[in-house]
A.B. asks: 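I'd like to ask you about the structure that follows.
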Amino acid sequence: STSKAGSKEDGEKLRYPPSKIAIIGAGIGGTSAAFFLRQKFGRDVLIDIFERGEVGGRLATVNLEGLEYEAGGSVIHPLNLHMKNFVKDLGLSVRSRQASLTGIYNGEEFVFEESEWFIFNIIKLIWRYGFNFLRMYMWVEDLMDKFMRIYRYQSFEYSFSTVESLLHALGGNDFMHKLNCSINETMQKAGFSQKFINEIVIPAMRVNYGQSAKVNGFVGAVSLAGTDPGLWAVEGGNKLVCFGLLYSSKAQLILGTVTSIKEKSRPQRTGGILKLYEVSYQTAAGTLSNLYDIIIIATPLDHGMSNISFLGFNPPIVAFQKHFQQTVATFIYGHINASFFGCQEHSDFSLSEILTTGNSKLFLNSIGAVSPVKSINDHTLKPASTACIWKVFSPESLTEEQLEMLFTSYHAVIERKWLAYPQYNPPEKCPPIILHDRIYYINAIERAASAMEMSAIAAKNVALLSHHHWYDKLDRIDQEDLNEKLKSEL
Ligand SMILES: Cc1cc2nc3c(=O)[nH]c(=O)nc-3n(C[C@H](O)[C@H](O)[C@H](O)COP(=O)(O)OP(=O)(O)OC[C@H]3O[C@@H](n4cnc5c(N)ncnc54)[C@H](O)[C@@H]3O)c2cc1C
Ligand SMILES: CC(C)=CCC/C(C)=C/CC/C(C)=C/CSC[C@H](N)C(=O)O
């Protein structure tokens, strides 16, 4: 299973492609890594991808009343170009998000209620928040402009050895500041009012990341981008992208739980030492192990997440101690109880999405009507008084008593509990992308922000980085002033 190349101690240049690459995790990070690694290293390298659960990972659906609904990662930004290209290249199609009317509830009353009349909404927003809303839109647009530099850098094959250097190349010190301050501080400094932060920004943090305005400013801004118009999903389910990438990369899927990675030295006939990695994993057939030239970790290594031991490394690869945030997604078929939200007339209740402010008495972060992953040709806005499928995000499982308060009648309840995303707590020190020579960690990027596109970007970065290391092309790693350099390259 070993290549002629593989050892720098040989004094030989690493000129031949690696023989075997292992990827641990078949979520969007792992499967897009397989896709990009195949592009970079060519058809002869053997790529094994280990998965202990289901392909898709945090992209998953639940079945309720015979239809499938997104239970994990559900919406994609219109400027998330890797996701967009995957869908195009794999022959999948886009499902547009159904129009919804959103209300913001503070535990006592709605502080904002959207209506079907666009002009009326604008007047209400200006009345309550001045021009904060318009400014936020421009603020997020500026962030997206800078963020999108990554696609150009990656198309010129530039890569980064740390999350910090990647972010710095995109947005300079401003992005670094965002990583080190909370979204509350960041937006206060940018001149947004506290009322706007409490009533608009916090509800966005709660629905998207189950957390408050104490999250770092970068993930906070990503979360606000998640409220932009034009969000979309993949027809049939977002996890189809993972299946498509797996198939097109011709990687071998190994269903098993990786338990350890160990460095192994092998003497060579030529006299040198070949360094390889032994991956041990448990399957239904027992404990097995294989040897690899390169290892890609595509799952969070945070506390209690993947339980992979790194054995015999010098310097040691220490366990990551940070925690992930629990989020429970509960799907309910029923009639929402308008009086729970202080509305007397049930027939007047037209909201299809309710976000909440940081009132500690509330047991839910959000509730929204959802459509199945397979489009049915019905784009009409249903009044909330009709029975439909609702998705509730909450930090804990909903009790029967809470369900009875939220719904006048319901049947069919399905719950999916997630360790969903990092608990964000700035100043944020991101874990290393390079864990050891030829061992790369895609999910280091989640400490800046967790989203499908972030994993895909990190996967392409790791494919480029590992390729540059293998072939000693160090001039494409951590280049300063890339934005300026590439301008003059035109
Ligand atoms: C409820 C929820 C809603 C979300 N909504 C959105 C959204 O709307 N938009 C968006 O962009 N993002 C969203 N996200 C975030 C997004 O889903 C994730 O950032 C992304 O899917 C992470 O992908 P990944 O491949 O990096 O990790 P994962 O999907 O977690 O994949 C890691 C895989 O590794 C496997 N694994 C772990 N340990 C081992 C082991 N020891 N051996 C073998 N296999 C192992 C796991 O089973 C898993 O399949 C949401 C997440 C959640 C939970
Ligand atoms: C990575 C960039 C630049 C943009 C991504 C923006 C985006 C789509 C953010 C959403 C992130 C997220 C974790 C959403 C979770 S909940 C989604 C939705 N509101 C739902 O109800 O399912």
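Both ligands and their constituent atoms are indexed starting at 1 by order of listing. All values below were derived from every heavy atom in this structure, side-chain atoms included, with hydrogens, water molecules and symmetry-related copies excluded.
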A.B. asks: Find all atoms of ligand 1 within a distance of less than 4.0 Å from any non-hydrogen atom belonging to Ala420, and give their numbers and elements.
C.D. replies: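 Heavy-atom distances to Ala420 below 4.0 Å select 53 (C).
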A.B. asks: Do Pro372 and Glu68 come close enough that some side-chain heavy atom pair is under 4.5 Å?
C.D. replies: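 Result no, sub-4.5 Å side-chain heavy-atom pair not found.
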A.B. asks: Just by distance, no angles: are the side chains of Thr102 and Glu353 close enough, under 3.5 Å, to form a donor-acceptor pair?
C.D. replies: yes
A.B. asks: Using side-chain heavy atoms (C-beta onward) and a distance below 4.5 Å, is His303 in contact with Met305?
C.D. replies: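 No; the side chains remain at least 4.5 Å from each other.
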A.B. asks: Hey, does Asn307 sit under 4.0 Å from ligand 1 if you only count heavy atoms?
C.D. replies: no
A.B. asks: Counting heavy atoms only, which of Leu231, Leu59, Ile49, Asn80 is nearest atom 21 (O) of ligand 1?
C.D. replies: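 That would be Leu59.
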A.B. asks: Would you check whether Tyr421 has a nitrogen or oxygen atom less than 3.5 angstrom from a nitrogen or oxygen atom of ligand 1?
C.D. replies: no
A.B. asks: If you measure every N or O of Met452 against every N or O of ligand 1, does any of those distances drop under 3.5 Å?
C.D. replies: yes
A.B. asks: Give the residues near ligand 2 by chain and number, with the criterion being a heavy-atom distance under 4.0 Å.
C.D. replies: Ser74, Val75, His77, Asn80, Met144, Phe147, Val207, Asn208, Tyr209, Val222, Gly226, Lys391, Phe393, Met454
A.B. asks: In terms of residue, atom name and distance, what is the protein heavy atom nearest to atom 44 (N) of ligand 1?
C.D. replies: Arg52 N, 3.1 Å
A.B. asks: Decide whether the shortest distance between a heavy atom of Gly56 and an atom of ligand 1 is less than 4.0 Å.
C.D. replies: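 Right, Gly56 reaches ligand 1.
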A.B. asks: Which atoms of ligand 1 have any heavy atom of Gly57 under 4.0 Å away?
C.D. replies: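 In order of numbering, the contacting atoms are 29 (O), 48 (C), 49 (O).
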A.B. asks: Got Thr31 and Ile23 here, is their nearest side-chain heavy-atom distance under 4.5 Å?
C.D. replies: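 Not in contact.
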A.B. asks: If you measure from atom 26 (O) of ligand 1 to every heavy atom of Ser455, Ala456, Gly29, which option wins on shortest distance?
C.D. replies: Ser455
A.B. asks: Does ligand 1 have any atom that is closer than 4.0 Å to a heavy atom of Ala329?
C.D. replies: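 Not so, Ala329 does not reach ligand 1.
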A.B. asks: Tell me whether Arg416 reaches ligand 1 (any heavy atom closer than 4.0 angstrom to a ligand atom).
C.D. replies: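 It does not; every heavy atom stays at 4.0 Å or beyond.
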A.B. asks: Please list every donor-acceptor pair under 3.5 Å in which a side-chain atom of residues 141-150 meets a protein atom from a residue at least two apart or in another chain.
C.D. replies:
residue : atom : partner : partner atom : Å
Asp142  : OD2  : Lys146  : NZ           : 3.2
Arg149  : NH1  : Leu170  : O            : 2.7

A.B. asks: Quick one: look up the protein heavy atom nearest atom 4 (C) of ligand 1 and list residue, atom name and how far away it is.
C.D. replies: Gly73 CA, 3.4 Å
A.B. asks: Give me the ring orientation class for Tyr69 and Phe331: parallel if the planes are under 30° apart, tilted from 30 to 60°, perpendicular past 60°.
C.D. replies: tilted
A.B. asks: Looking at Ser223, Ser366, Ser450, which one forms a side-chain hydrogen bond (donor to acceptor under 3.5 Å, both in side chains) with Asn208?
C.D. replies: Ser223
A.B. asks: I need the nearest protein heavy-atom contact for atom 19 (O) of ligand 1: residue, atom name and distance, please.
C.D. replies: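 Protein heavy atom with the smallest distance to atom 19 (O) of ligand 1: Ser450 OG, 2.8 Å.
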A.B. asks: For the aromatic rings, using the six-membered ring if either is Trp, is the centroid distance between Tyr441 and Phe320 under 6.0 Å?
C.D. replies: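 Centroid separation for Tyr441 and Phe320: below 6.0 Å.
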A.B. asks: Side-chain contact, heavy-atom cut-off 4.5 Å: Val87 with Asn85?
C.D. replies: no
A.B. asks: Could you tell me whether ligand 1 has any atom less than 4.0 Å away from a heavy atom of Thr327?
C.D. replies: no
A.B. asks: State if Ile76 counts as touching ligand 1 under the rule of any non-hydrogen atom under 4.0 Å.
C.D. replies: no
A.B. asks: Just which atoms of ligand 1 are under 4.0 Å from any heavy atom in Glu54?
C.D. replies: 49 (O)
A.B. asks: At less than 4.0 angstrom from any non-hydrogen atom of Gly256, what atoms of ligand 1 do you find?
C.D. replies: 42 (N), 43 (C)
A.B. asks: Under 6.0 Å between ring centres: does that hold for Tyr129 and Phe196?
C.D. replies: yes
A.B. asks: Let me know which of Val201, Ile200, Ile202 forms a side chain to side chain contact (heavy atoms under 4.5 Å, CB included) with Asn198.
C.D. replies: Ile202
A.B. asks: Determine whether any heavy atom of Ala458 lies closer than 4.0 Å to an atom of ligand 1.
C.D. replies: no
A.B. asks: Decide whether the shortest distance between a heavy atom of Ser32 and an atom of ligand 1 is less than 4.0 Å.
C.D. replies: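 It does not, in that no heavy atom of Ser32 comes within the 4.0 Å cut-off of ligand 1.
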A.B. asks: Does some side-chain heavy atom of Ile104 sit less than 4.5 Å from a side-chain heavy atom of Phe110?
C.D. replies: no
A.B. asks: Do NZ/NE/NH1/NH2 and the carboxylate oxygens of Lys214 and Glu185 come within less than 4.0 Å?
C.D. replies: no
A.B. asks: Side-chain donor-acceptor pair under 3.5 Å between Ser397 and Glu415, yes or no?
C.D. replies: yes
A.B. asks: Between Gln154 and Arg152 (side chain of the first, backbone of the second, donor and acceptor by atom type, cut-off under 3.5 Å), is there such a pair?
C.D. replies: no
A.B. asks: Give a yes or no on whether the ring-centroid distance for Phe86 and Phe36 is below 6.0 angstrom.
C.D. replies: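 For Phe86 and Phe36, the ring centres are under 6.0 Å apart.
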A.B. asks: With the side chain counted from C-beta on, respond yes when Leu231 and Ile76 share a heavy-atom pair under 4.5 Å apart, and no when they do not.
C.D. replies: no
A.B. asks: Indicate yes or no for a side-chain donor-acceptor contact from Asn238 to the backbone of Leu59 under 3.5 Å, with no hydrogens or angles considered.
C.D. replies: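 Looks like no, no N/O pair under 3.5 Å.
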A.B. asks: Give the numbers and elements of all ligand 1 atoms closer than 4.0 Å to a heavy atom of Ser74.
C.D. replies: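 Those of ligand 1 that fall under 4.0 Å from Ser74 are 5 (N), 6 (C), 7 (C), 8 (O).
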A.B. asks: I need the contact type for Met454 against ligand 1. Using non-hydrogen atoms and a strict under-4.0 Å cut-off, is it side chain, backbone, both or neither?
C.D. replies: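 Neither part.
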A.B. asks: Can you pull out the closest protein heavy atom to atom 37 (C) of ligand 1? Residue, atom name and distance to 0.1 Å, please.
C.D. replies: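 The closest one turns out to be Thr299 OG1, 3.1 Å.
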A.B. asks: Counting heavy atoms only, which of Ile28, Val258, Ile24 is nearest atom 20 (C) of ligand 1?
C.D. replies: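 Of the listed residues, Ile28 has the closest heavy atom.
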A.B. asks: For atom 28 (P) of ligand 1, which protein heavy atom lies nearest, and how many Å away is it?
C.D. replies: Arg58 NE, 3.6 Å
A.B. asks: Could you list which atoms of ligand 1 come closer than 4.0 Å to a heavy atom of Thr257?
C.D. replies: 41 (N), 42 (N)
A.B. asks: Which protein heavy atom lies closest to atom 8 (O) of ligand 1, and at what distance to 0.1 Å?
C.D. replies: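 Heavy-atom neighbour on the protein nearest atom 8 (O) of ligand 1: Val75 N, 2.8 Å.
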A.B. asks: Considering only non-hydrogen protein atoms, determine which one is nearest to atom 32 (C) of ligand 1 and report residue, atom name and distance to 0.1 Å.
C.D. replies: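 Result: Ala298 O, 3.4 Å.
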A.B. asks: Which of the numbered atoms in ligand 1 are below 4.0 angstrom from a heavy atom of Gly72?
C.D. replies: 1 (C), 2 (C), 3 (C), 4 (C), 5 (N)
A.B. asks: Can you find a pair of side-chain heavy atoms, one from His82 and one from Tyr151, that are under 4.5 Å apart?
C.D. replies: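 A side-chain contact exists here, since the closest heavy-atom pair is under 4.5 Å.
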A.B. asks: Specify the protein heavy atom at minimum distance from atom 46 (C) of ligand 1: its residue, its atom name, and the distance to 0.1 Å.
C.D. replies: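 Of every protein heavy atom, Glu51 OE2, 3.4 Å lies nearest to atom 46 (C) of ligand 1.
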A.B. asks: Leu398 pairs by side chain to side chain contact (heavy atoms under 4.5 Å, CB included) with which of Val328, Val413, Leu403?
C.D. replies: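 So, applying the side chain to side chain contact (heavy atoms under 4.5 Å, CB included) to Leu398 and each of Val328, Val413, Leu403, only Leu403 qualifies.
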A.B. asks: Short list, please: which atoms of ligand 1 are under 4.0 Å from a heavy atom of Gly27?
C.D. replies: 25 (O), 29 (O), 31 (O)
A.B. asks: Would you say Ser309's side chain and Leu311's backbone share a donor-acceptor pair under 3.5 angstrom?
C.D. replies: no
A.B. asks: When you look for heavy atoms under 4.0 Å from ligand 1, do you find them on the side chain of Ile442, its backbone, both, or neither?
C.D. replies: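 Neither; nothing of Ile442 gets under 4.0 Å from ligand 1.
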